[in-house]
Amino acid sequence: MNGTLIAYFSHRGCNYVNGRIIDLETGNTERIANALRDKTRGDLFEIRAEKEYPRDYKECTLEAQKELRAEARPKLAEIPDLSAYDTVFLGYPNWWGTMPMPVHTFLESADFGGKRIFPFCTHEGSGLGNSERDIRALCPAAEIRPGLAIRGSKAADAGAEPDGWLKKFYK
């Protein structure tokens, strides 16, 4: 078992970027996930809730906040077999100070014991928030490596940040 998986949750549609709402066909976290796939040659897996989030920014944030308050675990469209992977890059936007609730569902869906988890998130000022702590709580038998936080507004041109992070912490 030496495989690498890049599992990510990303929001397409209206996103808050540089103080304004813009429509993105490819979410910011997905952009970083694709860059990591190119660098690591890992397998890509999109974490998707069975019920899609609204494209509208305000509606999406209200739904995300409601789920967080309820500690909801949205059902996922698919759950991958993780047995072939010892390294998981875990990507997500920072929603309300942590990972979106589908990422919590994903982490609770399998045994991450003995795996290395490299968190990475996109944000517009709040960094990783509480997500690293939350990952440790959900995956106590995993090795949680230092995370990478990239401003969503820089996701399209973030080449040097992931490169430096990979060189420092990966392998």
**OP:** May I ask you to decide if the ring planes of Phe118 and Trp165 are parallel, tilted or perpendicular, using 30° and 60° as cut-offs?
**Re:** perpendicular
Original post:
Which residue, Glu67, Arg73, Glu71, forms the side-chain contact (heavy atoms from CB on, under 4.5 Å) with His104?
Top reply: Arg73
**OP:** Give a yes or no answer on whether the side chain of Arg145 reaches the backbone of Ile117 with a donor-acceptor pair at less than 3.5 Å.
**Re:** no
Original post:
About how many Å separate CD of Glu59 and CG of Leu62, when rounded to the nearest 0.5 Å?
Top reply: 8.0 Å
Original post:
Does the side-chain hydrogen bond (donor to acceptor under 3.5 Å, both in side chains) test come out yes or no for Thr87 and Arg116, once each step is laid out?
Top reply: CA-CA 5 Å; Thr87 299; Arg116 296 184 311 164; 3.0 Å; yes
Original post:
Is it true that Tyr16 and Ile150 fall in one hydrophobic cluster, defined by side-chain heavy atoms closer than 4.5 Å?
Top reply: no
Original post:
With a 4.5 Å limit on heavy-atom distance, are the side chains of Pro102 and Leu76 in contact?
Top reply: yes
**OP:** Decide side-chain contact (heavy atoms from CB on, under 4.5 Å) for Leu24 and Glu30; before the verdict, give the C-alpha distance in whole Å, the side-chain angles of both, and the deciding distance to 0.1 Å.
**Re:** CA-CA 11 Å; Leu24 300 175; Glu30 183 176 2; over 6 Å; no
Subject >> Leu107 versus Cys139, closest heavy-atom pair with distance >> reply: CD2-SG, 3.8 Å
Original post:
Is it true that Ile32 and Phe169 fall in one hydrophobic cluster, defined by side-chain heavy atoms closer than 4.5 Å?
Top reply: yes
Subject >> Minimum heavy-atom distance Ala149-Glu161, with the two atoms named >> reply: O-OE1, 3.8 Å
**OP:** Indicate the atoms forming the closest heavy-atom contact of Met99 with Ser131, along with that distance.
**Re:** CG-CB, 3.7 Å
Subject >> Shared hydrophobic cluster for Val103 and Ile79 (ILVMFWY, side-chain gaps under 4.5 Å) >> reply: yes
**OP:** Treat each ILVMFWY residue as a node, draw an edge where side-chain heavy atoms are under 4.5 Å apart, and state whether Tyr53 and Tyr57 are in one component.
**Re:** no
Original post:
Got Leu44 and Tyr8 here, is their nearest side-chain heavy-atom distance under 4.5 Å?
Top reply: yes
Original post:
What's the shortest heavy-atom distance between Leu36 and Pro162, and which atoms?
Top reply: CD2-CB, 4.2 Å
**OP:** Mind listing the closest non-hydrogen atom pair of Asp86 and Gly3 along with its distance?
**Re:** OD1-O, 2.9 Å
Subject >> His11 to Pro54 - nearest heavy-atom pair and separation >> reply: NE2-O, 2.8 Å
Subject >> Sole candidate of Phe45, Trp95, Phe106, Tyr92 that passes ring-ring contact (aromatic ring centres under 6.0 Å, His included) when paired with Phe9 >> reply: Trp95
Subject >> Whether Lys39 side chain and Leu166 backbone form a donor-acceptor pair below 3.5 Å >> reply: no
Original post:
Is there a donor-acceptor pair under 3.5 Å between the side chain of Glu50 and the backbone N or O of Pro74?
Top reply: no
Original post:
Out of Glu52, Glu25, Glu46, which one pairs with Arg12 under the salt bridge (charged side-chain N to carboxylate O under 4.0 Å, His left out) rule?
Top reply: Glu46
Subject >> Stepwise side-chain hydrogen bond (donor to acceptor under 3.5 Å, both in side chains) test for Thr98 and Asn130 >> reply: CA-CA 5 Å; Thr98 190; Asn130 296 318; over 6 Å; no
Subject >> hydrophobic_cluster_shared for Phe112 and Met101, side chain cutoff 4.5 Å >> reply: yes
Original post:
Do Asp23 and Arg55 touch side chain to side chain, with heavy atoms closer than 4.5 Å?
Top reply: yes
**OP:** Take Leu5 and Leu82, measure what side-chain contact (heavy atoms from CB on, under 4.5 Å) needs, and give me the verdict at the end.
**Re:** CA-CA 8 Å; Leu5 179 69; Leu82 299 179; 3.4 Å; yes
Subject >> Derivation of the side-chain contact (heavy atoms from CB on, under 4.5 Å) call for Ile6 and Asp43 >> reply: CA-CA 6 Å; Ile6 299 102; Asp43 297 332; over 6 Å; no
**OP:** Start with the C-alpha gap between Arg41 and Thr4, add the side-chain angles, then the distance that decides, and say whether side-chain contact (heavy atoms from CB on, under 4.5 Å) holds.
**Re:** CA-CA 8 Å; Arg41 297 188 181 356; Thr4 298; over 6 Å; no
Subject >> Candidates Asn15, Thr29, Asn28 - the one meeting side chain to side chain donor-acceptor pair (under 3.5 Å) with Thr122 >> reply: Thr29
**OP:** Would you mind reporting whether Thr105 and Glu108 have side-chain heavy atoms less than 4.5 Å apart?
**Re:** no
Original post:
Taking the side chain as C-beta and beyond, is there a heavy-atom pair between Pro93 and Cys121 under 4.5 Å?
Top reply: no
Original post:
Got Ile21 and Asp56 here, is their nearest side-chain heavy-atom distance under 4.5 Å?
Top reply: no
Original post:
How long is the gap from SG on Cys14 to NZ on Lys58, to the nearest 0.5 Å?
Top reply: 13.5 Å
Original post:
So do Phe89 and Thr40 actually touch side chain to side chain, heavy atoms under 4.5 Å?
Top reply: yes
Original post:
Has the side chain of Glu132 got a donor or acceptor atom that lies under 3.5 Å from a matching backbone atom of Gly147?
Top reply: yes
Original post:
Distance-only, no hydrogens or angles: does the Glu124 side chain make a donor-acceptor pair with backbone N or O of Ser153 under 3.5 Å?
Top reply: yes
